[in-house]
2 protein chains.
Amino acid sequence: MSRIPHLGEFEQIVLLAILRLGDDAYAVAIRDEIRSRTGRSTAPGALYTTLDRLEQKGLVSSRLGEPTHERGGRAKRYYTVSAAGTAALERAQRSFQSLLEGLRIFEKKHA
Amino acid sequence: MSRIPHLGEFEQIVLLAILRLGDDAYAVAIRDEIRSRTGRSTAPGALYTTLDRLEQKGLVSSRLGEPTHERGGRAKRYYTVSAAGTAALERAQRSFQSLLEGLRIFEKKHA
DNA sequence: GCTCATTTCGCCTACATTGTAGAAAAAAGT
DNA sequence: ACTTTTTTCTACAATGTAGGCGAAATGAGC
């Protein structure tokens with residue numbers, strides 16, 4: 001058994017989006033955040049599947065919210081990144097950072 | 001057809017390692033670089049498969065070198081990141097950056 | 001100088017994990 | 001009932017990973 005599971009790219013993105021959204025992290029919002037930040041459009045199913053898997057791995061936890069007082073609206077499921085999730089994310093980012101160090105890939109337009 | 005293919009996490013890592021190594025980027029060296037930088041140990045096959053796929057997607061190109069004057073010194077295959085490869089990498093990194101912006105996941109030891 | 005064992009490396013094959021889509025079901029308000 | 005919002009199911013494509021086989025090249029022993 002591997003201790004901390006490896007994160008795929010999308011998983012990392014989802015995790016980051018959840019952290020960003022804080023208290024308002026439910027599927028639709030997460031999806032919007034991802035789209036607006038990365039330009040990457042994802043099908044609902046894609047996201048839920050990933051969310052599910054992250055939860056199974058114990059990297060996020062979810063709680064069901066109260067129905068909103070809006071026109072329609074099924075109860076939202078809110079997600080939170082667990083300690084293990086943060087750890088995994090940190091580790092993954094550290095790997096990138098190590099490799100990026102001293103490498104200039106990005107042509108900074110020189111502000 | 002999707003224009004620029006999405007990169008997986010490992011693909012990004014491999015790409016970065018190749019960039020880092022410059023002229024000396026052949027499989028064994030790449031593998032070492034990845035291990036020493038990220039602590040991630042990979043089986044040879046894992047790497048070659050990924051390298052193969054990256055090449056098929058046109059993100060890297062390879063040329064066969066001369067045999068070395070060493071004990072076993074078989075000819076090495078050297079890899080280079082193509083323009084498309086750099087572009088894909090940039091895009092992927094930009095996505096992360098967007099999401100990381102203003103988020104402090106890493107507890108900076110507060111220099 | 002030939003043969004063989006050893007070393008360095010590349011490649012193949014098969015399988016696990018992640019990524020993605022689309023549509024359909026569920027819940028809630030009007 | 002009908003519409004809206006959000007979730008869930010199902011199936012499939014792409015990526016990640018391991019491990020072992022085989023090829024090339026050298027040096028040692030015969």
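Everything quoted here is computed from the prediction, not taken from an experiment. Labels below follow one simple rule: chain letters A, B, ... track the order of the sequence lines, proteins then strands, and each chain is numbered from 1.
One can place CG of B:Asp32 at 12 Å from P of C:dT8, the figure rounded to the nearest angstrom. Between B:Arg35 atom CZ and D:dT17 atom C1' the separation is 14 Å, expressed in whole Å. Atom-to-atom, CD1 of B:Ile34 to C1' of D:dT17 comes out at 13 Å; the value is rounded to the nearest Å. Nucleotide C:dC12 holds its P atom 15 Å from the CG atom of B:Leu47, rounded to whole Å. A:Leu59 places its CG atom 14 Å from the P atom of C:dT17, with the value rounded to the nearest Å. Residue A:Leu7 contributes atom CG, which lies 21 Å from atom P of C:dA16 at whole-angstrom precision. For the pair A:Phe10 CZ and D:dG16 C1', the computed distance is 18 Å after rounding to whole Å. Protein atom CD1 of B:Ile30 is 15 Å distant from nucleotide atom P of D:dT17, rounded to whole Å.
Between A:Tyr79 and A:Tyr26, the gap from one ring centroid to the other reaches at least 6.0 Å.
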- Message: Protein within reach of the bases, or only the backbone? For nucleotides 22-30 of chain D, mark each nucleotide 5' to 3' as B, S or -, using heavy atoms under 4.0 Å.
- Response: BBSBBB---
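At distances below 3.5 Å, at least one donor-acceptor pair connects side-chain atoms of A:Glu55 with backbone N or O atoms of A:Ser62. B:Arg20 places a side-chain N or O within donor-acceptor distance of the main-chain N or O of A:Glu101, the cut-off being under 3.5 Å. The closest donor-acceptor contact from the side chain of B:Thr68 to the backbone of B:Glu70 lies at 3.5 Å or more, if one exists at all. For B:Glu11 (side chain) and B:Gly8 (main-chain N/O), a donor-acceptor pair under 3.5 Å exists by modelled atom type.
Across A:Asp52, A:Thr80, A:Leu15, a single residue satisfies side chain to side chain contact (heavy atoms under 4.5 Å, CB included) together with A:Val60, and that is A:Leu15. With B:Ile30 as the fixed residue, the side chain to side chain contact (heavy atoms under 4.5 Å, CB included) test singles out one of B:Thr42, B:Ile13, B:Ile18: B:Ile18.
Residue A:Ala46 has its side chain nearest to C:dA21 when only C:dA21, D:dT8, D:dA18 are considered.
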Polar atom pairs between nucleotides 11-14 of chain D and protein, under 3.5 Å, N or O only, would you list them?
none

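Between A:Arg40 and C:dG19 there is no side-chain polar atom (N or O) within less than 4.0 angstrom of OP1 or OP2.
DNA chain D is contacted by both B:Glu9 and A:Asp52; A:Asp52 maps to the nucleotide lying nearer its 5′ end (nearest heavy atom per residue). If you find the closest nucleotide of DNA chain C to A:Gln12 and to A:Gly45, the one lying nearer the 5' end belongs to A:Gln12.
Within the 4.0 angstrom heavy-atom criterion, no nucleotide atom of any strand lies near B:Arg31.
Two residues are said to be in side-chain contact when any heavy atoms from C-beta on lie closer than 4.5 Å; A:Gln93 and B:Phe96 meet this criterion. Residues A:Leu16 and A:Ile34 fail the side-chain proximity criterion, which asks for heavy atoms closer than 4.5 Å.
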